[in-house]
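Just the heavy atoms: all of them, side chains too, but no hydrogens, waters or symmetry mates, feed the values below.
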Amino acid sequence: MNDPIKVTYQDESVGSVDATAWHRDDDQPVVVQLRDGTEVVAERTFFRNAADGSLTLQPSAGNRATTHGQSSADDAAAMQANLGERLVIPLLREQLEVSKRSVERGRVRIIKSVREETETIDHPLMKERVNVDRVEVNKFVDGPVPVRYEGDVMIVPVLEEVLVIETRLMLKEELRITKTAQQVHEPRDVTVRIEEARVERVSSEDNK
């Protein structure tokens, strides 16, 4: 029963149908594998069981099927009336819809504990010692003295300001004097005396 069932149309083989799918007890459409490899989906009402076990594809007009009570002549007449010049097969296609959801499969509980351990650590450490020797110098210097080294000895000068009192002459300021000559006019009213002489003639008679 697992061999494909041959499908014929007008006494010619056109393809095959899977036997398992055809013998299912339901009304689902079946897939017809055509001779050129094309697959079409057809309703079960489009097929009729032949005497040799094959399926005869019958034409459809309004999806009408023959009944078991009709004779072979009636079937042929109905097929010829429904066929016309071409066979009409409705094609169906199933569309796959994929969805997903979260499902809780289990839970995990984590318990954390703390324990103490004692470890011995032996790590070498470097320790330095500094020896400071004070050496008195007591010498005047002109300015700051930098730190210097003599071998591995670092010499750091220690300075101190000392008050020194002495008397010196200091030029505080200079007076610069400049003499300039300028001619000016200053008009004034001055009273001066002027002598004038007037001469008068005297006749001889006046002298008597």
message: When you compare the side chain of Lys6 with that of Ser16, does any pair of heavy atoms fall below 4.5 Å?
response: no
query: side-chain contact (heavy atoms from CB on, under 4.5 Å) between Trp22 and Asn49: does it pass, once the steps are laid out?
result: CA-CA 11 Å; Trp22 174 256; Asn49 292 319; 3.7 Å; yes
Among Asp142, Val147, Val141, side-chain contact (heavy atoms from CB on, under 4.5 Å) partner for Val145: Val141
- prompt: Roughly how far apart are Arg115 CZ and Glu117 CD, rounded to 0.5 Å?
  reply: 4.0 Å
- prompt: Any Lys/Arg nitrogen of Arg193 or Glu195 sitting under 4.0 Å from an Asp/Glu carboxylate oxygen of the other?
  reply: no
- request: Identify the two heavy atoms, one from Pro29 and one from Val41, that lie closest to each other, and give their separation to 0.1 Å.
  value: CB-CG1, 3.5 Å
task: Run the salt-bridge test on Arg148 and Glu150 with the 4.0 Å N-O cut-off and return the result as yes or no.
output: yes
message: Return the CD1 to CD distance between Ile5 and Gln33, rounded to the nearest 0.5 Å.
response: 14.5 Å
message: Nearest 0.5 angstrom please: Tyr149 OH to Ile155 CD1, how far?
response: 10.5 Å
